[in-house]
Amino acid sequence: MNVRVRFAPSPTGYLHIGGARTALFNWLFARHTGGKFILRIEDTDLARNTQEAVEVILNGLRWLGLDWDEGPTTGNADDPSRGDAGPYFQSRRMERYRRRVEELRDKGLAYERDGTIRFRMTREPVTIADEVVGTVRRELTDREALDPDFVIVRSDGQPVFHLVNVVDDLEMGITHVIRGEDHLSNTAKHLELFRAFGAPPPRYAHIPLILNPDGSKMSKRDQGASLSGYLEQGYVPAAVVNYLCLLGWSPKDDRQLLPMGEVIERFDLPQILRANARFDMTKLQWLNFEYIKRLDPAAFRAHALPVLERAGIHAGRYPVEYIDAALATCREKIKVFADLPPFADFYFQDEFGYEPGAAGKEFIPVNRPRVARLREGLAGLEPFDAARVQELFKAVAGELGVKVGVLVHPARLACTGRAVGPSLYHLIEVLGRERVVARLDRALAQGFESNG
RNA sequence: GACCCUAUCGUCUAGUGGUUAGGACACUACCCUUUCACGGUAGCGGCCGGGGUUCGAAUCCCCGUAGGGUCGCCA
């Protein structure tokens, strides 16, 4: 069988993390089976549908690395698309829906009522053979028992989700529908629609939902719900994908970091878990950290620069060698790139204030001669590297009869304006003698000054 | 209200009749240490409850309970 799966989002202006995982599982199944992954835009509700909203979806999928074999190439429905089962925008398929509704009416399976067209739904329980959940016998609810028929064309002439979804899956030759479990109950309707068209239905696979940490439904406003948030905070897309793989699926061994190639090789529908999973931002951050550690300098820089720029730090103006040396000292300090600015800002700007609390604690009279002594030592240090800087600090500490930490704290504050940051010795090497001495001088002149 | 799905540490999970119930994140303690981190070592912590079936249930069945989903002229 030539597998054809699809991801069919509605362009609401954002891509939900759960939607992203649905897309991922579809993509994995397509790649695993050598089938096709199709992207279809369900834009039947014209009111909230813009080209920009579609772009958000496309960009999200591209960012995750989920390439589609058929579907739109841009957010504009009029631009050429890829694949010959199109159009891939439902707003461009209205004539097909109209013909299908005609077909149902001719067969006596649809009729008009209250200005709408309704499908004559079965009164019997429907059995759903689900690849993930197993066999489900779905009976009518009390309301459905009163009136089982459902609207397929609104009074304004627009076709409704259940109809268009089925028509498209049918006409696009979709073989497996992998979607959120919130559609499981709807599947009875879809199965009956396929029967009405005299077509064999696709296989269904309903995957569990992603819930908030407290177990409630994750909706638009919830923390971590929007994929664009991860993009903005500088997550490594591979880490996000890896995390999503771990929600509702398992490689069965105890590994957490999964090479995509292996996931594709091992992924299959029956092994998908049936229970909903709660979203754990902390574990995602840990995974992201693992991926950050493995980034080569150029990739690390590529992630860092936009985040710094957004924070008002124009690091791009500096030589690449300097940027990389600076970023190297921050590497194991951050879990997400959004954490980077306070660790790296002082590398790229000379005018900075001192953390108030730390200044009051470190820029005290007794520390003044100590900093002055360090300043003299650093001014003459040769070669000016981290190892020699460390030796100097230890020597001065011994000479003054204090612990190294006593020198480190005020020196760090003077050089960076902050109480925490990268390794002091390494940051001093990267900054270079000239700027370090200048910063110590400034602290001596201004920092201690303001503290009496 | 009805219908459907689900149920192993706080979280993500391994486990498909016999295991000291394993791993990861988080948490705690200690070590390392120039801050914050990283890293290392150790530890805490779980089979929702009740009935069955069985020589033996986390594993199979039933009933509860809890959580989630659906029942729309949204998708």
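Order of the sequence lines sets the chain letters (A, B, ...), proteins ahead of strands, with each chain counted from 1. Keep in mind that what you see is a predicted model, and the values were worked out from it rather than measured.
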Base, sugar-phosphate, or nothing for [X], non-hydrogen atoms under 4.0 angstrom?
X        : result
A:Asn186 : base
A:Pro422 : base
A:Ser155 : base
A:Leu424 : base
A:Gln256 : base
A:Gly248 : sugar-phosphate
A:Lys333 : base
A:Arg137 : sugar-phosphate
A:Leu284 : nothing
A:Gly215 : sugar-phosphate
A:Thr116 : base
A:Tyr425 : base
A:His183 : base
A:Asn165 : nothing

(message) Taking the side chain as everything from C-beta on, heavy atoms only, tell me whether A:Pro251 gets closer than 4.5 Å to A:Leu246.
(response)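 Result yes, sub-4.5 Å side-chain heavy-atom pair found.
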(request) Answer yes or no: is there a side-chain heavy-atom contact under 4.5 Å between A:Gln90 and A:Phe161? (result)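 Result no, sub-4.5 Å side-chain heavy-atom pair not found.
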To the nearest Å, give me how far apart [atom1] ([X]) and [atom2] ([N]) are.
X        : N      : atom1 : atom2 : result
A:Leu247 : B:rA14 : CG    : P     : 12 Å
A:Leu211 : B:rA7  : CG    : P     : 14 Å
A:Asp254 : B:rG15 : CG    : P     : 10 Å
A:Arg278 : B:rG68 : CZ    : P     : 9 Å
A:Leu163 : B:rG72 : CG    : P     : 16 Å

cation_pi([X], [Y]) dist<6.0 Å, angle<=45:
X        : Y        : result
A:Lys189 : A:Phe150 : yes
A:Arg93  : A:Phe89  : no
A:Arg442 : A:Phe352 : yes

Any strand counts, and the cut-off is 3.5 Å on both contacts for Watson-Crick or G-U wobble. Which nucleotide pairs with [N]?
N      : answer
B:rU6  : B:rA66
B:rC60 : B:rG52
B:rU28 : B:rA42
B:rA37 : none
B:rG1  : B:rC71

For [N], take OP1 and OP2 only and decide whether either is under 4.0 Å from a side-chain N or O of [X].
X        : N      : result
A:Arg154 : B:rC74 : yes
A:Lys189 : B:rC71 : no
A:Lys335 : B:rC38 : yes
A:Lys283 : B:rA26 : no
A:Thr44  : B:rA75 : yes

Detail all sub-3.5 Å separations between protein N/O atoms and N/O atoms belonging to nucleotides 27-32 of chain B.
none

When rounded to the nearest Å, what value does the distance between [atom1] atoms of [N] and [M] take?
N      : M      : atom1 : value
B:rG69 : B:rA75 : C1'   : 15 Å
B:rC73 : B:rC5  : P     : 25 Å
B:rU16 : B:rG22 : P     : 14 Å
B:rU70 : B:rC63 : C1'   : 24 Å
B:rG45 : B:rA24 : C1'   : 14 Å

(request) Using the side-chain hydrogen bond (donor to acceptor under 3.5 Å, both in side chains) rule, take A:Asp214 and A:Ser216 through it: C-alpha gap first, then chi angles, then the decisive distance, then the call. (result) CA-CA 6 Å; A:Asp214 68 358; A:Ser216 63; 2.7 Å; yes
(message) I need the single residue from A:Phe300, A:Tyr291, A:Phe289, A:Phe343 that forms a ring-ring contact (aromatic ring centres under 6.0 Å, His included) with A:Phe337. Which is it?
(response) A:Phe300
(request) Test A:Lys283 against A:Gln256 for side-chain hydrogen bond (donor to acceptor under 3.5 Å, both in side chains), laying out the working first. (result) CA-CA 10 Å; A:Lys283 180 151 184 181; A:Gln256 309 294 321; 2.8 Å; yes
(request) Using the six-membered ring wherever Trp is involved, compare the ring planes of A:His16 and A:Tyr14 and label them parallel, tilted or perpendicular (cut-offs 30° and 60°). (result)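 Aromatic pair A:His16/A:Tyr14 classed perpendicular.
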(message) Can you tell me how the ring of A:Tyr354 sits relative to the ring of A:Phe363, calling it parallel under 30°, perpendicular over 60° and tilted otherwise?
(response) perpendicular
(request) Could you please spell out the steps behind the salt bridge (charged side-chain N to carboxylate O under 4.0 Å, His left out) verdict for A:Glu103 and A:Arg100? (result) CA-CA 5 Å; A:Glu103 178 185 342; A:Arg100 287 293 183 172; 3.1 Å; yes
(message) Anti or syn, where syn is a glycosidic angle within 90° of 0; which label fits B:rC62?
(response)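 The base of B:rC62 is oriented anti (glycosidic angle more than 90° from 0).
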(message) Quick test of your reading: applying salt bridge (charged side-chain N to carboxylate O under 4.0 Å, His left out), list the pairs with at least one residue in residues 394-414 of chain A, sequence neighbours left out, ordered by first then second residue.
(response) A:Arg373-A:Glu399
(request) Identify, residue by residue, the members of residues 384-412 of chain A with a heavy atom below 4.0 Å from RNA chain B, and return them in order of residue number, or none. (result)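 Under 4.0 Å from RNA chain B: A:Val408, A:His409, A:Arg412.
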